[in-house]
Structures are given as structure tokens and as C-alpha cells.
Amino acid sequence: MAPSLIIITVILWVCTLLAVSAEYTRPLPRQTLSILDEDSDPSAPQQVHISVVGLDKMRVTWITKADTPSIVHYGTESGVYTSSNTGSSERYSYLLIYKSGYIHDVVIGPLQPNNLYYYRCGDSNSFQELSFNTPPDQLPINLAVIGDLGQTGWTTTTLQHIESWDHDMLILPGDLSYADYIQPLWDSFGRLVEPLASKRPWMVTEGNHEVEKMPFKSSFEAYNARWKMPFEESGSNSNLYYSFDTAGGAVHVIMLGSYAEYKPGSDQHTWLVSDLNKINRKTTPWVFAIIHAPWYNTNTAHQREGDYMRYAMESLLYKARVDVVFSGHVHAYERFDRVYDNQVDQCGAVHITIGDGGNKEGLAKSYEEPKSNISLFREASFGHGRLEVMNATHAHWSWNRNDDDVAVISDSVWLVSLSSQENQACC
Ligand SMILES: *[C@@H]1O[C@H](CO)[C@@H](O)[C@H](O)[C@H]1NC(C)=O
Ligand SMILES: *[C@@H]1O[C@H](CO)[C@@H](O)[C@H](O)[C@H]1NC(C)=O
Ligand SMILES: [Fe+2]
């Protein structure tokens, strides 16, 4: 080889090395945390989380080891509880090796919008006072979106980043605890998320890790008992799919069930048709749908797993002009163009995979090449999503990567509602 060729080869080689080292180095999975039960008092409330019921009520869920009254005292001043309400509790058992604590469920309200409330679960003055913020009754509203959370060191980082943002609600597209049949891990997850989930409503739908199929038992037993969502209020007969309004009805969120029957003729399909028919886009400019297994995905993980659900339901969402479909399952972040039936379509939904909450299985790093041109951004890193619905026409979406321990905005885009004049062709 001529000396000049050798020099050029070495220069190219150094450049390649530099280019590679400039790329963001993916962090390794972090260990599963086990949040121990430190409450010596068996009647002390633990694992408190809240979820919205209608526009002005809140469900409070918590667990006690002892059989205690299901009562919540609350008010707008610390220590001054002007109201209270009672509910019920239930337990479930798993084989002969586990019996859950008493899972309490109390709905409180009506509550003032955009207000700070103080509350206490249970009937003893010695129990801890907690507080939450109610969502606003009009736009703007800030929604945190994060799937496949798990309970590792990365989960903690993601939750810290979400907590540092002034959000009104958290939406979780499935795969919560990764307990995977080990029932005490559901309790550990409940304790891990309590600091955040007792302050802001957490609206969840199920992922594959919630199924926990057991012999002679129905699936989803732990999930349904611990994470009851307002399905009856939306006319659904299953906790596995439901919808709710927020921001005074300006936003409609459809929480679909990737692991419930979805074919035409199924309960979920029939319910979805009627739910979509009720939406009035003049008063509800924004409609979001949440699934677990993505309908569009260029990661090699979980390829085509969402296809059958997409065949069954995509045309319904398309005709209703759903603005965005969020999914999890793939442990990475990906944002698509507006698509319908695998093609760019200006009246289709933007599809976003946000399955990068920080679970024990780690990241899905391998992608299909060449990249399909309907995928606009993809990256396998942990992080979370922020959806700021500003007004009837504009919303801002950003993906915040966990760069080691700092959240950095790594992808962002302005979304224009499909009900707006700007998208006239779709109306
Ligand atoms: C995207 O790719 C498809 C097929 O792979 C092609 O038909 C289409 O023209 C491409 N669109 C753009 C905007 O490049
Ligand atoms: C909606 O918000 C966007 C982004 O902040 C802004 O540009 C637009 O003017 C707002 N529209 C109205 C009607 O206020
Ligand atoms: Fe999953």
C-alpha cells in the first residue's frame, strides 16, 4: 500500500472511531429494587394511588394488612378535613402462598378543578396526610406518558424526571410492575410509585405483564384488584378498556386493551364504536388512544404483534380522526408520521411508542434497516414523554431521554388537532 493510502486509511479509521464515540452510549439495565414494607402498624395505609372518575371525582386506592374501614377524609386546607367518603375493600389470593392485603377503593368528590387537596386514608389521626392536585377544567393540560415502567433503578430516575415537571396526570400504556406472578412485587411496585401516584392521577391500561394467567383463575386478577380504572363510567364492562374525559371535556382519552378481545363483534370492539360515536369534536378537539403492543414499529422486538388489533380497529380510529396513538411494549422510543394502513396519511394518527420507562428487561436496541420512511425518530434509551395540550388546535410533544441521570429533551414536535381548520381536509 502506498504511504498516502495508509495515511488516508488511518484518518478514516480515526474519524469512524470519533463518530462512534460521539454517539450516546446506552446505559445498562439497572437492578430491580425491592421496596420493603416498613409499616409495623398493620392498619397503616400504604401503596396509595389516585385516578380520575368523571371530570370532578377521584378514586383513592390503598392497601392495609389489617381489615380497616375504607374511608377517606379530605379538604383544601392541611389538617382540616371538611369532607369524607367511604367505599369498600377486597382481597385476592394466589395459590396457597400469597394473600393480598385489603385493597381499598373510595371515590371522593365533587372536587374543584386545578386545586390542591389534602387527604388521609383510613380512620386514625396518626396516619400520614397526603395531597393531590386535581386536573384543570379547561386547556392547557400537561400529560406525562410512560409505558413499561417496572421497578428498577431506571424507573426511579424516570419517575424523578416526571416529578420535576409540572404535570396534571400520568398516562401509562401498560406493563406496570413486572411482578410476573411474584405477588409481593406488586406491593413493592405500589410502594415505589406511591410518592408520585398519590399526588397526581395515574391512568393505566394493561400490558402483557399484567395478564398473569393462572390455572383455575381468571387472568388480570392482581391488576384488576389493585388498579381499578373508571370503566363503568365510560359504559365499558371491563377494567381492561375504558375511556375518560379531562380538561373539562376538551380531551378524550381512549384506553384500549391489547390483551382483551378486540375483533369485530367482541365487547371491546362494540364498546369502542359507541364510545367514538359519542365524541363531539367541536367541544372535544383532542382525542388520544392508548394501546400496549404498537401497531407501527420498526424495532425488531415485538414485530407485528399489534397487527391483528390494528386490522380490527385502525379504521375506526381513522374515521374518528384520533390525533395520536400511544403504545408501549417495545423498550425504546419511536415516533411515526401521521399514518393509516401503513402509509403516510394527513388524516391518520401520529403513532408514538413510549415503552422506555426503565424495566428490568433493558432496552430493545435492534432496528429494521433501511428505516421505513413512515418512522421519523427512533432511539433505544430510557426516558418519558410530555404532552402539553396548549389549546384547541396545538399540542406540544417531547421525549425526554434519561441521559444518565439528567432528563434531556431529545425529540419534540408540534401537533395540530385533526379537528382544527388547519386540517380542514380531514374534517
Ligand atoms: C416511502 O416509502 C414507500 C415504499 O417503501 C414509497 O412508496 C413512498 O414513495 C415513500 N415516500 C416518501 C415520501 O419517500
Ligand atoms: C394555540 O397555541 C399555539 C402554540 O402556543 C399558538 O401558536 C396559537 O396561537 C394558539 N391558538 C389560539 C387560538 O390561542
Ligand atoms: Fe409489554
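Read the numbers this way: they start at 1 and go in the same order the structure lists the ligands and their atoms.
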Quick one about [Y] and [X] (side-chain donor to acceptor, distance below 3.5 Å, no hydrogens or angles considered), yes or no?
| X | Y | answer |
| --- | --- | --- |
| Tyr318 | Asp345 | yes |
| Ser366 | Thr300 | yes |
| Glu221 | Tyr94 | no |
| Tyr333 | Arg401 | no |

So, at under 2.8 Å, which protein N, O or S atoms would a careful student list around the Fe ion (ligand 3)?
Asp175 OD2, Asn208 OD1, His292 NE2, His329 ND1
If you count only heavy atoms, which residues are under 4.0 Å from ligand 2?
Asn391, His394, Trp414
Going by the rule side-chain hydrogen bond (donor to acceptor under 3.5 Å, both in side chains), which residues pair with Glu206 if we only count those two or more places apart in sequence or in a different chain?
none
Check whether the ring centres of Trp271 and Phe231 lie less than 6.0 Å apart, and answer yes or no.
no
Hey, what's the ring geometry for His302 with His331, parallel, tilted or perpendicular (30° and 60° as the breaks)?
perpendicular
Below 30° counts as parallel, above 60° as perpendicular, anything between as tilted: where do the rings of His49 and Trp227 land?
parallel
If you look only at pairs with a residue in residues 299-356, which of them pass as a disulfide bond (SG atoms under 2.5 Å apart), with sequence neighbours excluded?
Cys347-Cys426
